[in-house]
Amino acid sequence: MVRVPLSPEDVRAGKLLGEMLRAARGGRTLVQVAVGAGISPETLRKIETGRIATPSFMIVAALAEELALSLDGIQGTLRRASPGKLDAAS
């Protein structure tokens, strides 16, 4: 399977998602949050640094639940950062 390269908007949204998750983590360690969400610490580290710019919905949902974030809030923040990209997908 050939993977389509990420657009600059995808990369920016991925970095913003990572920043939001890192900020929401607060004083908790990366390992604590990853284990609580049921993912590996390496996966969370890659998401937080933007190396995984488009994580699966299930991972984002698990992290949102673990960090008490609203999926609507996450989407709204990403939509404001890249309005054309996410509005077209709706």
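Just so you know, these numbers come straight off a predicted model, no measurement behind them.
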Closest non-hydrogen contact found for Leu71 with Ala61 is CD2-CA, 4.0 Å
So which heavy atom on Gln32 is nearest to which on Glu66, and how close? O-OE2, 4.3 Å
In terms of hydrophobic clusters joined by side-chain contacts under 4.5 Å, are Phe57 and Leu6 together? no
Distance (rounded to the nearest 0.5 Å) between Ser7 OG and Arg12 CZ: 7.5 Å
In Å and rounded to the nearest 0.5 Å, what is the OG1 to CG distance from Thr54 to Leu17? 10.0 Å
Show your working on side-chain contact (heavy atoms from CB on, under 4.5 Å) between Met20 and Leu69 and close with a plain yes or no. CA-CA 10 Å; Met20 289 181 351; Leu69 294 173; 5.6 Å; no
Smallest heavy-atom separation, Ala62 atom then Ala37 atom, equals CB-O, 3.4 Å
Glu42 atom CD, over 12 foreign heavy atoms within 6.0 Å: yes
Taking Leu63 as the fixed residue, which of Leu21, Ile74, Thr43 is the one that meets the side-chain contact (heavy atoms from CB on, under 4.5 Å) rule? Leu21
Salt bridge between Glu19 and Arg22, side-chain N to carboxylate O under 4.0 Å? no
Rounded to the nearest 0.5 Å, what separates atom CD1 in Ile39 from atom NZ in Lys46? 11.5 Å
side-chain contact (heavy atoms from CB on, under 4.5 Å) between Thr49 and Lys15, worked out: CA-CA 7 Å; Thr49 59; Lys15 288 182 180 179; over 6 Å; no
Measuring from Leu30:CG to Leu44:CG, what's the distance to the nearest 0.5 Å? 4.0 Å
Check whether Arg80 reaches the backbone of Gly76 with its side chain - one donor and one acceptor, N or O, closer than 3.5 Å. yes
